[in-house]
Amino acid sequence: MKPTVHFAILGMLTCMSCFSQTKNPAPSDPVSSGKLEKMPEALENRFALSAIPSHLRETATTYVLDPAKGYVLSHKGTNGISCIVVRSDWQWSDDSFRDDIFWAVCYDEEGSKTLLQDYIYAAELRARGMDAKQVHDEVTKKFGAPTYPNPSRAGVSYMLAPVMRGYTHGPTPATMNMPHYMFYAPNVKNKDIGGNSFGPYPFILSMSPGRDDYIILLVGETEKEKILVESKDLLADLCSYRGYLCTTDETRKHTPVD
């Protein structure tokens with residue numbers, strides 16, 4: 001996105017900014033084992049790095065997930081940007097963790113020191129055996145502490161990967177082709193920027209209000225198609241790895257408000 005992204009996907013009811021905080025109850029939710037498997041490291045790195053523009057990838061830092069420990073450093077970069085594939089949407093505290101959440105995100109230097117740490121800490125706690133509610137409580141407990149600061153300036157997290165799978169406003173995760181940018185905007189509301197609901201113009205996504213509120217900007221359709229074409233090999237490998245990560249006509253059209 002439920003707040004984040006059990007992915008982040010922008011908890012959108014009628015407006016995307018609510019997305020992170022609402023999810024309809026789902027008695028028919030298909031069973032997910034909740035036990036994470038380690039993703040092939042080369043594929044995980046490629047997927048993580050696909051979230052940023054190509055000219056930033058060579059010098060970016062990547063972390064890969066060891067389900068028994070949490071995130072571990074895979075490559076130390078030099079440009080201040082850090083990339084992961086999120087597997088635990090810790091902000092959805094009312095649901096059990098699943099094994100079918102996959103979304104790539106890269107934080108700039110400020111976000112790497114602050115917002116990224118929520119996901120790294122959450123993965124560590126999940127590896128210790130905590131459930132979603134326990135993880136949510138432990139992560140949010142640290143908010144506002146001197147050793148756990150909020151972003152001190154405006155910044156950007158990139159989600160330009162060709163495919164993502166996470167929660168929207170529906171009962172189960174959805175796979176979408178929805179590359180976008182997220183600009184840090186703590187405590188900013190749609191009314192402050194003239195935003196509305198999900199669409200081609202900037203709008204607000206409130207994930208953890210006051211900490212990781214974002215201005216969301218989707219890439220245009222031309223740029224989206226260019227990303228999909230340039231990522232055809234990655235998309236094929238992700239589809240081969242997990243069928244629910246396959247790109248189809250449905251995933252191309254799917255949005256968080258569907």
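Without hydrogens or angle criteria, Y107 side chain to G80 main chain gives no donor-acceptor distance under 3.5 Å. With K224 contributing its side chain and N177 its backbone, the two residues share a donor-acceptor pair below 3.5 Å. In terms of modelled atom types and a separation under 3.5 Å, the side chain of N45 and the main chain of S74 share no donor-acceptor contact. Between the H180 side chain and the M178 main chain, a donor and an acceptor come within less than 3.5 Å of each other. Put simply, the side chain of E44 gets close to the backbone of L65: a donor and an acceptor are under 3.5 Å apart. With hydrogens and angles disregarded, no donor-acceptor distance shorter than 3.5 Å links the side chain of Q117 to the backbone of T114.
L245 approaches Y241 most closely through the heavy-atom pair CD1-CD2, 4.5 Å. N190 approaches N196 most closely through the heavy-atom pair ND2-O, 3.1 Å. For A48 against V85, the heavy-atom pair with the smallest separation is N-CG2, 3.8 Å. When all heavy atoms of L73 and H75 are compared, the closest pair comes out as CD1-O, 3.6 Å. For P149 against P146, the heavy-atom pair with the smallest separation is CD-O, 4.0 Å. Of all heavy-atom pairs spanning A161 and S50, the tightest one is CB-OG, 3.2 Å.
Separating the NZ atom in K133 from the CD atom in E138 is a distance of 10.5 Å, to the nearest 0.5 Å. In this structure, CG on D131 lies 10.5 Å from CZ on R126, to the nearest 0.5 angstrom. Between the OG1 atom of T248 and the NE2 atom of H254 there is a distance of 10.5 Å, given to the nearest 0.5 Å. Within the model, atoms NZ of K142 and OH of Y148 stand 6.0 Å from one another, a figure rounded to the nearest 0.5 Å. With rounding to the nearest 0.5 Å, the separation of CG in L125 from NE2 in H136 is 12.5 Å. The line from NZ of K253 to OG1 of T255 is 11.5 Å long, rounded to the nearest 0.5 Å.
For the residue pair S82 and S112, a side-chain donor N or O sits within less than 3.5 Å of a side-chain acceptor on the partner. Under 3.5 Å, the side chains of Y184 and D213 contain no donor-acceptor pair of N or O atoms. Remark: the Y158 side chain and the D108 side chain contain no N/O donor-acceptor pair separated by less than 3.5 Å.
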Pair T62-I84, side-chain contact (heavy atoms from CB on, under 4.5 Å): steps then yes or no: CA-CA 6 Å; T62 55; I84 63 171; over 6 Å; no
Start with the C-alpha distance between C106 and I81, add both sets of side-chain angles, then the distance that settles side-chain contact (heavy atoms from CB on, under 4.5 Å), and finish with yes or no. CA-CA 6 Å; C106 295; I81 295 174; 3.9 Å; yes
Apply side-chain contact (heavy atoms from CB on, under 4.5 Å) to residues V163 and T251 and explain how you reach the verdict. CA-CA 8 Å; V163 68; T251 65; 5.7 Å; no
Assess the residue pair K35 and D99 against the criterion (side-chain contact (heavy atoms from CB on, under 4.5 Å)); give the C-alpha distance rounded to whole Å, side-chain angles, the decisive distance to 0.1 Å, and a yes or no. CA-CA 6 Å; K35 180 176 174 58; D99 63 351; 5.9 Å; no
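At a threshold of 4.0 Å, the pair R252-E221 does not count as salt-bridged, since none of the basic side-chain nitrogens sits closer than that to a carboxylate oxygen. The pair D100-R87 does not count as a salt bridge, with every side-chain nitrogen at least 4.0 angstrom from each carboxylate oxygen. Remark: D137 does not engage K141 in a salt bridge, criterion side-chain N to carboxylate O under 4.0 Å. Salt-bridge check for R128 with E124: passed, with a basic side-chain N closer than 4.0 Å to an acidic carboxylate O.
Note: the hydrophobic cluster containing L116 also contains V105 (ILVMFWY, side chain heavy atoms under 4.5 Å, direct or indirect links). Under the 4.5 Å side-chain contact rule for hydrophobic residues, V219 and L49 share a cluster. In this structure, I193 is a member of the same hydrophobic cluster as V156, with clusters built from ILVMFWY side-chain heavy atoms closer than 4.5 Å. Each of F47 and V229 belongs to its own hydrophobic cluster when Ile, Leu, Val, Met, Phe, Trp and Tyr are linked at side-chain heavy-atom distances under 4.5 angstrom. In the hydrophobic clustering of ILVMFWY residues, with side-chain heavy atoms under 4.5 Å counting as a link, I120 and F143 come out together.
Under the 4.5 Å side-chain criterion, counting only non-hydrogen atoms from C-beta, R211 is in contact with D118. Residues C83 and Y63 have side chains not in contact (no heavy-atom distance under 4.5 Å, counting atoms from C-beta outward). Taking 4.5 Å as the limit, every side-chain heavy atom of L36 sits out of range of all side-chain heavy atoms of F97. I204 is listed as a side-chain neighbour of V188, based on a closest heavy-atom distance under 4.5 Å. Counting heavy atoms from C-beta outward, Y121 and W90 have side chains that stay 4.5 Å or more apart. Looking only at side-chain heavy atoms (C-beta outward), Y244 and F102 come within less than 4.5 Å of each other. Using a 4.5 Å heavy-atom threshold, the side chains of I52 and R57 count as touching. Considering only heavy atoms from C-beta on, I215 stays 4.5 Å or farther from F203 through its side chain.
E110 is linked by a side-chain hydrogen bond (donor to acceptor under 3.5 Å, both in side chains) to S152, counting only residues two or more places apart in sequence or in another chain.
Crowding of E250 atom CD: a count of heavy atoms from other residues, nucleotides or ligands under 6.0 Å not exceeding 12. No more than 12 heavy atoms of other residues, nucleotides or ligands lie within 6.0 Å of NZ in K226, so this atom counts as exposed by the packing criterion. Other residues, nucleotides and ligands contribute only 12 or fewer heavy atoms inside 6.0 Å of the OH atom of Y201. Other residues, nucleotides and ligands contribute over 12 non-hydrogen atoms within 6.0 Å of the CD atom of E223.
Applying side chain to side chain contact (heavy atoms under 4.5 Å, CB included) to T175 and the options R165, M164, R242 leaves one that passes, R165.
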Using residues 230-238 as the side-chain source, report each donor-acceptor pair under 3.5 Å to any protein atom, sequence neighbours left out, with the distance given to one decimal.
residue : atom : partner : partner atom : Å
S231    : OG   : I227    : O            : 2.8
D237    : OD2  : R46     : NH1          : 2.8
D237    : OD2  : R46     : NH2          : 3.2

